[in-house]
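Worksheet: one structure, shown below.
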Amino acid sequence: MLILTCPHCGVQADETELSPGGEAHLKRFGPESSDDEFLGYLFHRQNPKGPHFERWRHSFGCGKWFLAARDTANNQVFGTYPATLAEPSDRLRERISAARPGWGFEPGAPSPDAEVAP
Amino acid sequence: MSTRLSRGGRLIDRSRPLRFTFDGHHYRGFAGDTLASALLANGQTVVGRSFKYHRPRGLVASGQEEPNGLVNLGAGHRMEPNQRATVTPLTEGLTALSQNRWPNLDLDVGAVNSAFGRFLPAGFYYKTFMWPRAAWKHVYEPFIRRSAGLGRVPEGRDPDLYEHFNVHVDVLIAGGGIAGLAAALAAGRSGQRVLLLEQNGWWGGRAAVDGPEIDGTPAAYWIEQAVKALEALPNVRLRLNTQVSGVYDHGYVLACEQLDGVGPRQRLWRIRAGKIVSAIGAIERPLAFAGNDVPGVMLASAVRDYLANWGVSVGDRVVVVTNNDDAYRTALAVHRAGLLVPVIVDARPRPDGELVRMARDLGIRIEAGRGIAKVKGRRGVTGVTLCALVGEGAGIEDIACDAVAMSGGWTPSVHLWSHAGGALAWDDDRAMFLPNPERPPRQHDGSAMVIPAGGSAGELRTAGVLASGLSAGAQAAGGEAEPHIAARDAEEGPFLPVWVMPQGAKTSLKRKMWLDFQNDVKVSDVELAAREGFQSVEHVKRYTTLGMATDQGKTSNLNGLAVLGQTLHVPIPAVGTTTFRPPYTPLTMGTIAGVAKGPLFQPIRKTAIHQWHERHGATWEPVGLWRRPFAYIRPGEHVENAVNREVLAVRNSVGCWMPRRSARSS
Ligand SMILES: [Zn+2]
């Protein structure tokens with residue numbers, strides 16, 4: 001059961017206080033977009049083994065949305081920040097790069113080709 | 001035959017006799033006995049039948065790892081299947097039934113499976129019951145269902161109460177052996193909130209049985225002083241009879257406490273811990289030799305546990321078979337109790353440690369470089385045949401005995417390290433999987449969440465156990481390392497990794513070498529699986545059912561890996577290890593549910609006008625946890641009449657429907 005610190009109210013929240021909201025920093029595509037773009041926005045996710053940016057809502061606390069950077073392989077949490085930020089801060093990115101050399105931030109959905117990789 | 005000795009037994013109170021029944025027979029034991037020690041004290045060496053071949057089964061171990069001693073405990077509503085006799089405290093009037101036998105333990109119809117054992121190899125069910133398709137429903141499935149499953153399902157609802165505790169601590173220490181006590185002393189001094197949990201009803205683990213010297217005093221005395229010192233610290237909580245069951249993400253831990261007397265029967269501790277010290281010890285490995293499943297063949301450590309803890313001898317003539325020095329402790333304990341050790345069969349060509357010399361000086365015969373070709377006897381050991389370890393198993397000499405104490409070395413219990421993802425590393429010298437400190441399970445801040453100590457870190461000598469306990473406790477509390485605690489135990493010679501004896505055993509012998517006693521998996525089954533192309537241990541496990549019984553392979557997994565590795569000609573770490581999953585031992589559903597059962601499982605939620613509806617004869621329609629009136633019944637009406645009346649009323653005059661959930665309509 002995960003512990004994430006809510007950046008809004010500062011509470012170290014138990015997973016039971018939180019609702020998951022999937023991958024963070026998706027670029028939204030609306031009715032004017034191409035079919036491929038819309039498909040990617042709806043369905044394509046990075047699902048990495050390693051650092052992952054994800055949305056959480058402090059449902060049974062302050063009720064606000066926030067984002068977390070968590071390693072999906074070992075659950076290390078690099079940081080949490082308000083969902084109003086369009087991108088993780090440089091400091092957070094540096095912290096992740098220091099812990100996972102070679103890692104780089106790639107926002108948005110993977111290209112449609114990515115899904116056929118073995 | 002096993003019996004109670006007139007002296008000894010540090011855990012029993014001979015002034016408090018207790019009565020109990022096993023399969024309807026009346027027996028006597030003492031307060032402090034386990035069901036297992038009391039059965040042995042009464043000479044009951046056969047306690048069950050094996051799953052597949054229905055072979056007579058005796059106790060193998062003295063603790064949680066016991067594969068054979070499973071009983072139906074209690075009766076009626078309170079009957080519980082698959083309870084390990086070795087960890088069931090004896091109580092006045094306890095009733096237990098053996099399992100997996102029909103009509104009774106002495107005469108078992110299913111034992112015919114044993115005679116046809118060579119026709120029931122690994123994967124038999126997969127291969128045989130495939131076709132014709134129609135036969136599955138009417139022939140195969142009813143047959144398999146009848147022969148499957150250990151134990152019986154209780155009748156009716158569980159009348160007992162269970163409760164949950166929510167606890168936050170800085171340091172949780174799992175295991176109250178000397179490693180755990182040392183860790184608690186070190187962590188306790190820091191002032192942090194420390195919780196020390198021990199699964200047994202006593203502190204100190206095996207130390208009081210093996211009797212090393214700690215801090216210049218006997219182990220039992222040091223343990224007593226350590227517990228007193230810990231009880232005096234306000235920031236340290238101690239609990240006996242509480243087993244850490246599982247370690248989950250970010251320091252979430254479940255532990256189950258066995259309670260007695262009035263009130264709840266079990267308590268589930270839901271713990272959030274900053275750091276977890278895993279000091280849960282190690283489990284002795286059996287050796288694979290023909291007939292190692294005959295009742296009377298036991299782990300060497302268990303034989304001396306029964307002597308020292310409960311004053312029970314497992315036999316008058318105990319042959320010890322080993323590949324390490326530790327089992328000599330059993331030979332010495334048996335000898336000191338005035339019983340006979342006809343021979344110590346040592347697989348090593350030149351055993352020479354302090355304990356070996358002590359045994360030699362006492363005149364105990366030692367046969368080096370030898371193995372056991374086979375165990376004689378069916379319902380109990382009557383003798384063993386010795387052979388050269390390196391040969392094919394030609395008999396050299398028959399030796400009469402009524403018990404065999406075996407030791408294949410020790411396997412560190414790495415369960416709590418592994419539950420939440422800690423990786424393991426193979427130590428070739430000592431032939432054990434150890435926690436890999438490079439890849440620990442992690443806390444949310446990225447730090448190591450579990451710190452292993454003592455036996456579960458691979459430390460088997462007293463001084464090392466204490467040192468690793470102290471450093472783990474200090475590390476967990478973020479404090480300074482404690483001053484060293486002096487300890488003295490016997491110097492031990494090197495251990496020889498021997499898994500199968502003799503090394504060149506013929507197939508006829510391998511068909512009688514058990515790896516998994518509970519699920520009837522033999523050396524020949526694992527070899528067959530390997531020949532049929534199964535190479536991953538996860539596949540072999542499912543094909544043969546090795547390690548898939550209620551004991552989850554606590555005594556069988558490593559031996560199975562070793563046999564698989566030998567068959568495939570690859571080193572053990574290349575075969576891999578299976579995943580350790582919680583719980584460490586089975587939890588009852590009642591404990592998991594706690595108070596959330598019956599009307600409290602999903603408490604009914606009521607709106608502000610619920611009582612108004614009730615007064616007007618409402619029948620209810622469930623809407624989630626809420627209740628909405630379905631119809632208002634007048635005297636003499638059925639639901640249908642009431643609904644029709646309402647429909648007519650709406651049709652002829654006017655109706656009002658509130659389409660939102662009644663929660664909001666209030
Ligand atoms: Zn919040």
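Atom set for the values below is all heavy atoms of this structure, side chains included, hydrogens, waters and symmetry mates excluded. Residue numbering restarts at 1 for every chain, and letters A, B, ... go by the order of the sequence lines. As the structure is a computational prediction, the values presented were derived from the model and not from experiment.
When every heavy atom of B/R272 is checked against every heavy atom of A/L2, the shortest pair comes out as NH2-O, 3.5 Å. Scanning both residues, A/M1 and B/Y248, for their nearest heavy atoms gives N-CB, 4.1 Å.
Near-neighbour residues of residues 76-99 of chain A relative to chain B, defined by a heavy atom under 4.5 Å from a heavy atom of that chain, comprise A/Q76, A/V77. Contact residues of residues 443-457 of chain B toward chain A are B/Q443, B/H444, B/D445, B/G446 (heavy-atom distance under 4.5 Å).
The number of heavy-atom neighbours closer than 6.0 Å to CG of A/D35, taken from other residues, nucleotides and ligands shown, is 12 or below. Residue B/F165 places its CZ atom among more than 12 non-hydrogen atoms of other residues, nucleotides or ligands, all under 6.0 Å distant. No more than 12 heavy atoms of other residues, nucleotides or ligands sit less than 6.0 Å from atom CZ of B/R439.
Looking only at side-chain heavy atoms (C-beta outward), B/R442 and A/N75 stay at 4.5 Å or farther from each other.
Atoms CD and NE2, on A/Q12 and B/H168 in that order, are 9.0 Å from each other to the nearest 0.5 Å.
Of the two parts of A/D14, the backbone and the side chain both hold a non-hydrogen atom closer than 4.5 Å to a non-hydrogen atom of chain B.
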